[in-house]
Amino acid sequence: MTALLGLCLSLPTSARAEGDRIWSALVLATNVPKPKEPSPELAQFSGKIKKFFGYNQVELVGSATKTVATNSERWLVPSQNFWLSVKTKQALAKGYLLDVTLYHDERCLVTAEAKLAPGSPLLIRGPMHARGQLIIVLQVL
Amino acid sequence: MKPFEERYTAWIDGALKGEELQRFEEELSQHPEAVEDRKAVHQLGRLLRDFGSAPPLRNPDFFNHQLLARIEAEQAPARREKVESAHAGWSFGRWAWLGGAACVAGMVFVLSSTLLPKAGGASAPYMAQIVNARAADSGVWVTALHSDADDVTVLWIDGLDYLPASYQLQ
């Protein structure tokens with residue numbers, strides 16, 4: 001099944017033009033008596049985070065943006081504690097096939113192969129902080 | 001007469017000559033480890049000459065951030081406390097089975113949501129998909145989840161350390 005999915009994902013009709021950017025953010029989701037409106041960068045998916053994770057406030061801790069290029073590696077450092085290595089394996093018709101590695105301080109947490117497209121952010125549930133849930137967001141702009 | 005340390009340094013560097021060298025080597029007979037010391041210094045010098053240049057940095061952004069984080073961590077007082085894992089009382093095999101079952105369930109969930117046709121929806125379909133994922137540590141589990149209702153894909157990581165209030169987020 002995994003091979004079939006990989007085959008489907010690897011059949012491009014036409015590749016995306018270079019010049020796209022990849023954006024990552026560290027977000028803190030909390031439950032507070034008087035939740036604040038999310039910042040503009042989070043407007044697109046704060047609703048998804050609130051609904052899926054069950055929190056009523058989403059705050060941006062930090063973000064980072066890099067350009068995307070096929071067969072290239074980019075380091076995204078949205079905060080001093082969390083960073084990502086993103087390797088673009090293939091440009092697809094509507095997105096990119098990426099190798100994503102998430103680090104927390106000096107520790108590698110997870111490696112994943114993911115397909116991302118503009119308007120379709122990937123959420124990564126990070127560790128729990130005393131103030132709330134840390135979530136890493138990865139999105140193609 | 002020069003101090004012993006000065007003559008010792010000159011001897012290591014090969015700067016002592018003639019009678020001075022002979023007298024000093026007689027004095028050194030009481031220090032048999034000195035010959036090994038000189039060999040080690042000369043070997044270090046050869047290595048530095050042969051391999052003195054640093055390799056070029058491949059990822060300067062990552063290196064700089066990592067270096068700054070390390071400096072700050074060493075200068076600031078210890079601020080991170082570890083919370084005892086809630087895994088006490090469960091055997092490793094039980095956790096491994098649970099993690100494996102969660103991974104399989106997550107993959108089935110993702111595959112079924114990506115391969116089955118979706119009904120309706122005039123707007124651009126949600127495209128984020130996890131093809132595969134693995135945790136880097138044996139105590140950490142990763143599950144790929146997709147919710148049609150919330151229209152979101154989440155890479156769910158379990159087994160991470162709890163970060164106390166004193167852990168600064170920046």
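Each chain gets a letter, A, B and so on, in the order its sequence line appears, and its residues count up from 1. Side chains included, hydrogens not; waters and symmetry mates left out as well; all remaining heavy atoms used.
- Around the CD atom of B:Gln22, the shell of radius 6.0 Å holds no more than 12 heavy atoms that belong to other residues, nucleotides or ligands.
- The CD atom of B:Gln129 lies 11.0 Å from the CD atom of A:Glu113; values are rounded to the nearest 0.5 Å.
- Heavy atoms only, all atoms of each residue included: B:Asp137 and A:Arg107 are closest at OD2-NE, 2.6 Å.
- Using a 4.5 Å heavy-atom threshold, the side chains of A:Ile124 and B:Val154 count as separate.
- With sequence neighbours left out, the side chain to side chain contact (heavy atoms under 4.5 Å, CB included) criterion links B:Glu25 to B:Trp11, B:Leu21.
- Around the CD atom of B:Gln43, the shell of radius 6.0 Å holds no more than 12 heavy atoms that belong to other residues, nucleotides or ligands.
- In this structure, CG in B:Leu163 is found 9.5 Å from CE in A:Met128, a value given to the nearest 0.5 Å.
- B:Ala165 and A:Ala130 make their closest contact through N-CB, 3.3 Å (heavy atoms, listed as atom of the first residue, atom of the second, distance).
- Residue B:Asp151 comes nearest to A:Lys48 through the heavy atom pair O-NZ, 2.7 Å, listed as atom of the first residue, atom of the second, then distance.
- Between atom CG of residue B:Leu169 and atom CZ of residue A:Arg131 there is a gap of 6.5 Å, rounded to the nearest 0.5 Å.
- Considering only residues two or more places apart in sequence or on other chains, B:Lys39 meets the salt bridge (charged side-chain N to carboxylate O under 4.0 Å, His left out) condition with B:Glu36.
- Across every non-hydrogen atom of A:Leu109 and B:Val140, the tightest pair is O-CG1, 4.4 Å.
- To the nearest 0.5 Å, the span separating CG on A:Leu123 from CH2 on B:Trp156 amounts to 11.0 Å.
- No donor-acceptor pair under 3.5 Å is formed between the side chain of B:Arg134 and the backbone N or O of A:Thr111.
- Atoms CG and OG1, on A:Leu116 and B:Thr153 in that order, are 9.0 Å from each other to the nearest 0.5 Å.
- Listed here is the closest heavy atom pair of B:Asp161 and A:Pro127: O-CB, 3.4 Å.
- Looking at A:Leu134, the atoms closer than 4.5 Å to chain B (heavy atoms on both sides) all sit in the side chain, from C-beta outward.
- Near-neighbour residues of residues 49-61 of chain A relative to chain B, defined by a heavy atom under 4.5 Å from a heavy atom of that chain, comprise A:Lys51, A:Phe52, A:Phe53, A:Val61.
- Using a 4.5 Å cut-off between heavy atoms, A:Leu76 makes no contact with chain B at all.
- For a residue to count as touching a neighbouring chain, one of its non-hydrogen atoms must lie under 4.5 Å from one of that chain's; by this rule A:Leu138 does not touch chain B.
- Of all heavy-atom pairs spanning A:His104 and B:Tyr167, the tightest one is NE2-OH, 2.9 Å.
- Side-chain atoms of A:Arg125 and B:Leu145, non-hydrogen and from C-beta on, never get closer than 4.5 Å to each other.
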Compile the donor-acceptor pairs under 3.5 Å between side chains in residues 35-42 of chain A and protein atoms, sequence neighbours left out, one pair per line.
{"unit_1": "A:Ser39", "atom_1": "OG", "unit_2": "A:Glu41", "atom_2": "OE1", "d": "3.2"}

